Amino acid sequence: MPDAEPLDAWMARTVAAYYAVGDPFGVTGGFTTAPEISQMFGEIMGAWAADAWARTGSPPLFTLLECGPGRGTLMADVLRVGTHMPDFLDSARIVLLESSPELRTRQKETLKKYGTYWIESLNELPPLPVIVVANEFLDALPVRQHRLNNGHWEERVVHKGGLGWRTTRAGPPVQEGRDGTVWETSPARESFVTQLAYHIARYGGAAIFVDYGYAGPLPGDTLQAVKAHKHVGPLTPGADVTAHVDFTPLAKVARAAGLAVRGPVPQGAFLLRCGAAQRARVLGQEAELRRLTAPDQMGALFKVITMERALSAQG
Ligand code: SAH
């Protein structure tokens, strides 16, 4: 490890190492995600995906992409919904963007009924329309932190002794800064969404991202580490390290690529508008519904953003 590593470089390494070993999800793992709480989450994503495909003009061949599929639970629920819409399912080439070989094995097992492909980078996307679903993927992409100290910008670094700051020439692209206020940026998330948005703008399609976060600009240090369902210090070995997603710059790059962006809207409002309460009644899952939608649970902190090629831009 270098003497002082920028926060984003450290985070990229740490996240990759975390997912490279074992299964981090569920009761025995570090944390529980929405698709692991209830199938209704993935079913609603599936209904959204099928509808997005229809709005894209029902292309007879398209990529159904999930970014960061974890155990493959969300995609399994999406595809089960798809069996009720055979045209959608028959047209889909199922692609999973996953960097962890361990999790690829796990996904292969969960999705063994279906033909699936794996990619490591958006560069590998075929030249086809793409419908994208992603839950808790963007929060795993690295952030940078900046602050003003006596009129000089500093950048967060990680060194042997822990977290520190070092002077940089330029600050983040914010309007004003007060001494000590921390601003986060994520060039990694912006370049990921930019690349995807240009693919959608060119070949057609849509994307839905669900993650915890906010519509900035808002100052604050949101770096967090979770181990065995508890918040721990960010440098704790073996912890899952993430940071809240600022959706504003992501909406901005998607719009710049020509896409129509909706949201971010709170997850609770989104799921309820899509019929989650009715589905929960059928499944007998009132407690799970509460967990996914109540504002004091996952309903408010988690947000949903969608982007698609604007109708007027469709050829
Ligand atoms: N979507 C799943 C898992 C979320 S955890 C769920 O909701 O349960 C984050 C996922 O993103 C894991 O599958 C992890 O391996 C993957 N991931 C993290 N960083 C990645 C990167 N840079 N490229 C590809 N996949 C990544």
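Note that ligands are numbered from 1 as they come in the structure, with each ligand's atoms numbered from 1 the same way. Values below: every heavy atom of this structure, side chains too, minus hydrogens, waters and symmetry copies. Because the structure is a prediction, the values reported are computed rather than measured.
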Item to complete: Taking only heavy atoms of P35 into account, list the atoms of ligand 1 that are under 4.0 Å away from them.
Response: 6 (C), 7 (O), 8 (O)
Worksheet item: What atoms of ligand 1 come closer than 4.0 angstrom to any heavy atom of F137?
Response: 11 (O), 20 (C), 24 (C), 25 (N), 26 (C)
Response to the item:
Hits for salt bridge (Lys or Arg N to Asp or Glu O under 4.0 Å) against R189, two or more places apart or cross-chain, chain-then-number order -> none
Practice prompt. Report yes if some N/O of N135 lies less than 3.5 Å from some N/O of ligand 1; otherwise report no.
Written response: yes
Worksheet item: Where's the contact between S99 and ligand 1, heavy-atom distance under 4.0 Å: side chain, backbone, both or neither?
Response: both
Worksheet item: Under the ring-ring contact (aromatic ring centres under 6.0 Å, His included) test, which residues partner F302, sequence neighbours left out?
Response: Y212
Worksheet item: Taking the six-membered ring where the residue is Trp, are the ring centres of F247 and F209 under 6.0 Å apart?
Response: no
Discussion item. Is the shortest side-chain heavy-atom distance between L74 and F41 below 4.5 Å?
Written reply: yes
Worksheet item: Which ligand 1 atoms does E98 reach within 4.0 Å, using its non-hydrogen atoms?
Response: 12 (C), 13 (O), 14 (C), 15 (O), 16 (C), 25 (N)
Item to complete: Indicate whether any N or O donor in one side chain lies under 3.5 Å from an N or O acceptor in the other, for Q195 and N123.
Response: yes
Worksheet entry | Sub-4.0 Å heavy-atom approach of L103 to ligand 1 | yes
Practice prompt. Take K227 and D240 through the test side-chain contact (heavy atoms from CB on, under 4.5 Å) and record every step on the way to the result.
Written response: CA-CA 6 Å; K227 192 172 181 178; D240 175 46; over 6 Å; no
Discussion item. For the 3.5 Å polar cut-off, considering only N or O atoms, please tell me whether L141 and ligand 1 meet it.
Written reply: no
Worksheet entry | T33, portion touching ligand 1 at heavy-atom distance under 4.0 Å | side chain
